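First listed ligand is number 1; within each ligand, the first listed atom is number 1. Just so it is clear, the model here is predicted, and its values are computed rather than measured.
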Amino acid sequence: MARGAQPVTVTQQTGQPAGHAVPGFGPPPGTALLSRNENPYGPSEKAVAAGCSATAQGAFYADRSLLYLVDMIAEKNNIPRDFISVSAGSGEGLCAAAQSWTRDGGAIAAPALFWDTTVRYAERQGAKLVTAPMKSDLNVDLDALEKIVDDSVSLVHITNPNNPTGRLLDPDELRAFILKVEGRATVLVDEAYNELTDDPEGSSMLDIVRDGKNVIVSRTFSKIYGMAGLRVGYLMARTDLTARIRSNIMSWISGPGLAAAIASYNDEAFLSESRAKILEGREMVVEAAQSLGLTTLPSQTNFVFMDVKGDADAFRDEMKRRRIFIRGAYQGLPTWSRVSMGRLEDLKRYVAALPAALEG
Ligand SMILES: Cc1ncc(COP(=O)(O)O)c(C=O)c1O
């Protein structure tokens, strides 16, 4: 259980939660939830306390706290306030950008494999998606991507590090790519896992946001901050791009989420502790998989992508029988499986089940 979280007690007779606990939050009892790239070490104690106290002030709109968070983001990232759009998770900001950039018929260009949820949202509104094949090592092929950025494309969407591969692009190569194409289309770099990379600052494209290039960087409180259920994220881009994003943002951020974000944004002790546990779990999973002869991709995130050399859906089902939840196959990659870094005890269950689940 996350530090500071209240246990959900379920009464014997009714199966209903007792006291103030509410049903449906967190992993069901007895399960190892390793399918969604959440961070079970959050929220931080400070975030939980701030969120609770903001709940007590829940009668009031949280407008001043939003300005407070914007100030903190501006200061930490050395950008003006009007470069920042805060949204309900980065997902909302990414949907807003995808919708705004494609409203007039422009297409989105992306690699064949990326976290495409928000682009699919734009597709449902009529947007067109064009994709470039991946390299054989499942890294993003920037040359192939550049070739498909023609006049019909208004937005290029890259996830870095990528999901589901966990791979990080070489920052110099990505920067050079962006500088080549930003005259033709805006480049959106989703950096949801940036804080888990070996060199967060060096691997970010924020420097060219500061330079006023045609680029958007997104970040979230859902990953290293362990606040996926509290729904806070933000996009950073020069003023005119930010105005376009903001014009499509629909929600007013929830007060408890904002309070938790403010309380944990600069909590370095929590961040490094959280990161250390995630990396410890990642090392354990990679070692176990490799010792069984499986290929794992180098991950810079809180998940590992591995070739299980068999049907990844059947492998997922075998794990599920043991109440361990992981992802099934991705389109075009029937033998690749993704596992998220949950609590160490849950990862130990995964590692222990690995040989038998692979046998099927
Ligand atoms: C690459 C990437 N971006 C964004 C998100 C969504 O995050 P949020 O909770 O901030 O909407 C995810 C969630 O898994 C993700 O993997």
Discussion item. Any side-chain to backbone donor/acceptor pair from T197 onto N194? Under 3.5 Å, distance only.
Written reply: yes
Discussion item. Side chain or backbone, does R231 bring an N or O within less than 3.5 Å of an N or O on ligand 1?
Written reply: yes
Response to the item:
Exactly one candidate in D170, D211, D207 meets salt bridge (Lys or Arg N to Asp or Glu O under 4.0 Å) with R175; the answer is D207
Practice prompt. Answer yes or no: is there an ion pair linking D71 with R81, defined by an N-O contact shorter than 4.0 Å?
Written response: yes
Worksheet, complete the sentence: One finds that the ligand 1 atoms under 4.0 Å from a non-hydrogen atom of T159 are 1 (C)
Discussion item. With a heavy-atom distance limit of 4.0 Å, tell me whether S90 approaches ligand 1 through its side chain, its backbone, both, or neither.
Written reply: both
Discussion item. Testing the 3.5 Å rule here: is there a donor-acceptor pair between the side chains of S90 and S218?
Written reply: no
Worksheet entry | Shortest protein contact, atom 10 (O) of ligand 1 (heavy atom only) | T220 OG1, 2.5 Å
Discussion item. Strictly below 4.0 Å, N to O, side chains only: are D313 and R316 in salt-bridge contact?
Written reply: yes
Fill in: Element-labelled atoms of ligand 1 that are located less than 4.0 Å from some non-hydrogen atom of G91
8 (P), 10 (O), 11 (O)
Worksheet entry | Protein heavy atom at shortest distance from atom 3 (N) of ligand 1 | D190 OD2, 2.6 Å
Discussion item. Please work out, at 4.0 Å between heavy atoms, whether the side chain, the backbone, both, or neither of Y193 comes within that distance of ligand 1.
Written reply: side chain
Practice prompt. Compare all side-chain heavy atoms of N302 with those of Y193 and state whether any distance is below 4.5 angstrom.
Written response: yes
Worksheet item: Could E345 and K348 be called an ion pair, given the rule that one side-chain N must be under 4.0 Å from one carboxylate O?
Response: no
Item to complete: Return yes or no for this condition: an N or O of K223 is under 3.5 Å from an N or O of ligand 1.
Response: yes
Worksheet entry | Shortest protein contact, atom 6 (C) of ligand 1 (heavy atom only) | W115 CH2, 3.4 Å
Fill in: Closest protein heavy atom (residue, atom, distance) for atom 9 (O) of ligand 1
S222 OG, 2.6 Å
Worksheet item: Do the ring planes of F221 and Y265 sit parallel (below 30°), tilted (30 to 60°) or perpendicular (above 60°)?
Response: tilted
Fill in: Any N or O of G89 closer than 3.5 Å to N or O of ligand 1
no
